[in-house]
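What follows is a short report on a single structure.
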Protein chains: 2
Amino acid sequence: MIDTKQKILDTAERLFGHQGFDATSLRQIISGAGVNLAAIHYHFGSKEELLDELVTRKATPVNDERLAMLDRALAMAGEGPLAIEPVLEAFLMPMAVLGPSTGRVMGRLLAEGLMPKLAKRHFGDVIQRFRSALERSLPHLTPEELGWRMHFMMGSLALTMSGQPIFVPGGGEGVDLAERLRCLVTFLSGGFRAPGSR
Amino acid sequence: MIDTKQKILDTAERLFGHQGFDATSLRQIISGAGVNLAAIHYHFGSKEELLDELVTRKATPVNDERLAMLDRALAMAGEGPLAIEPVLEAFLMPMAVLGPSTGRVMGRLLAEGLMPKLAKRHFGDVIQRFRSALERSLPHLTPEELGWRMHFMMGSLALTMSGQPIFVPGGGEGVDLAERLRCLVTFLSGGFRAPGSR
DNA sequence: GTCTATACTGAGATAGAC
DNA sequence: GTCTATCTCAGTATAGAC
């Protein structure tokens, strides 16, 4: 069947999102997808490459939307000063279109430290564009301090996408991703705007 | 030998810190520690309980120092307003005493989502004390929004303790933990101080 | 080209001898 | 307390059916 590959991807996405990458076995995936174990290695080569393809498929439209929103923010600012909020919105809000499963996958990956490998392949130029925009918005920061703040942002984002918000009364289950991300934009705007610490 | 247990703990801490929990096998640990495989299950019961004991041993002094610093901050503030910085410093700076290995372990745990289980056991009352202090510092926030911001903070902290800072020129390897954490305090102060988003 | 059956190595866990 | 042997299940590799 032509959609064996698709069934594997769908099932893997769901299980990775719920249980994490390491905790999900290929045998769980094939059982859920109703395919043979070796089909995974035929179509993808390995468990890690399956993950890689999953990320590529989901990340591409998100990154396109990120850059489109960033371009609009830059056009609006013109030659004048560039506020942080629209830059952060451009980076973060497009993730809201990811379903809960994909969101959890992305967050898990960031969190499990698997991202460094994938990041350069899939996000390299996007990150570069946003770093430039942030440099323009925040000229008071050294490159090192800006790098750290971007690092902090990725950490917050990771837990926001993946984790159970154990500090939020009610577990935050009723709060959809877009609202979480708006809350995060507010928080990060304040953080980025803080004076340099050295 | 009485210190079989200690040798296992030391080696596990080092390997978990460098490779993460999932990526470290018990057989790597016993080979590094020079003990038998079954010794781990005799002394700890399982791989996860080994981790649990590791966390307990390292977290207890950190949490004690956190509460001591928080008490000092509350005493300094008296009846007046309570600034955010000393509260965040009390929560974050005690982690600087953790060596790089333990720091990575802690960060990994936060990031791998293993913390929710461990958190309630080891950090429950500490978190409660700090939530109260933050509520006093930031009366303009709803309980939900404060919860989200604490969640964001844990995400940033996790990546700060564990991850390679890929956005920092030079990889940030020369920057010690205390300086990273000071940088994080500045950032988070700005974030927590941001106006409520709803 | 696609998929199945099966086997290989290494993981965590356990029972029982010493 | 410690060690050997063994169990199940993980990811992986390959030979061959259609």
Side-chain angles (χ1 to χ4, degrees), chain A residues 1-57 104-105 108-109 111-118 121, chain B residues 1-57 104-105 108-109 111-118 121:
Chain A
M1 287 223 254
I2 189 67
D3 55 1
T4 294
K5 203 169 168 178
Q6 195 57 48
K7 283 193 293 187
I8 294 170
L9 283 167
D10 290 343
T11 311
E13 181 185 338
R14 183 166 46 82
L15 293 175
F16 287 165
H18 281 295
Q19 310 173 343
F21 177 71
D22 287 316
T24 299
S25 74
L26 294 182
R27 284 166 174 87
Q28 278 181 290
I29 296 172
I30 61 159
S31 145
V35 302
N36 185 272
L37 175 60
I40 291 186
H41 288 92
Y42 173 75
H43 285 288
F44 302 99
S46 72
K47 188 183 180 185
E48 202 158 337
E49 285 170 283
L50 163 59
L51 174 68
D52 198 280
E53 184 141 343
L54 205 60
V55 172
T56 307
R57 294 209 176 188
R104 272 190 289 266
V105 176
R108 284 270 189 176
L109 293 184
E112 287 179 21
L114 293 167
M115 265 307 179
K117 296 181 222 169
L118 298 174
R121 266 205 297 287
Chain B
M1 286 223 253
I2 189 67
D3 56 0
T4 294
K5 203 170 169 179
Q6 195 57 49
K7 283 193 292 188
I8 293 171
L9 282 168
D10 290 342
T11 310
E13 180 185 338
R14 182 166 47 83
L15 293 175
F16 287 165
H18 281 295
Q19 311 173 343
F21 178 71
D22 286 315
T24 300
S25 74
L26 294 183
R27 285 164 174 88
Q28 278 180 288
I29 296 172
I30 62 160
S31 145
V35 301
N36 185 272
L37 174 60
I40 290 186
H41 289 94
Y42 173 75
H43 284 288
F44 301 99
S46 73
K47 189 183 179 184
E48 203 158 336
E49 285 169 285
L50 163 60
L51 174 69
D52 198 279
E53 184 141 342
L54 205 60
V55 172
T56 307
R57 294 209 177 188
R104 271 190 289 267
V105 175
R108 284 270 189 175
L109 293 184
E112 287 178 21
L114 293 167
M115 264 308 179
K117 296 181 224 169
L118 298 174
R121 264 205 298 287

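The side chain of A:Ser46 sits closest to D:dT12 out of D:dC3, C:dA13, D:dT12. Side-chain proximity of B:Tyr42 to the nucleotides D:dG1, D:dG11, C:dA13 is greatest for D:dG1.
Applying the 4.0 Å criterion to OP1 and OP2 of C:dG10, one finds that B:Ser25 has every side-chain N and O outside that range. The phosphate of C:dC3 has OP1 or OP2 within less than 4.0 Å of a side-chain N or O from A:Thr4. Regarding contacts with the backbone of D:dT2, a side-chain N or O of B:His43 is found under 4.0 angstrom from either OP1 or OP2. For B:His41, no side-chain nitrogen or oxygen approaches OP1 or OP2 of C:dT14 to under 4.0 Å.
Within the 4.0 angstrom heavy-atom criterion, base atoms lie near B:Ala38. Residue B:Ile40 is classed as having no contact, given no heavy-atom separation below 4.0 Å to the nucleic acid.
Annotation for A:Asp22 and A:Lys47: closest pair O-NZ, 3.8 Å, computed over non-hydrogen atoms.
If you find the closest nucleotide of DNA chain C to A:Val35 and to A:Arg27, the one lying nearer the 5' end belongs to A:Val35.
Per the geometry, CD belonging to A:Glu49 stands 12 Å off C1' belonging to D:dT12, to the nearest Å. To the nearest angstrom, C1' of C:dC3 lies 14 Å from CZ of A:Phe44. Regarding A:Ile8, its CD1 atom lies at a distance of 14 Å from the P atom of D:dG11, rounded to whole Å. Atom-to-atom, NZ of B:Lys47 to C1' of C:dA11 comes out at 8 Å; the value is rounded to the nearest Å. The NZ-P distance, from A:Lys5 to C:dG1, rounds to 12 Å in whole Å. Per the geometry, CG belonging to A:Asp22 stands 12 Å off C1' belonging to C:dA11, to the nearest Å. Counting to the nearest Å, the C1' atom of D:dG11 and the CG atom of A:Asn36 are 14 Å from each other. Between the CG atom of A:Leu15 and the P atom of D:dG11 there is a distance of 11 Å, rounded to whole Å.
A cation-pi arrangement is absent between A:Lys5 and A:Tyr42 under the rule of less than 6.0 angstrom and at most 45 degrees off the ring axis.
Taking CD of A:Glu48 as the reference point, atom CG of A:Leu50 lies at 10.5 Å (rounded to 0.5 Å). Rounding to the nearest 0.5 Å gives a distance of 11.0 Å between CG of A:Asp3 and CG of A:Leu9. Distance CD/A:Glu49 to NE2/A:His43: 13.5 Å, rounded to 0.5 Å.
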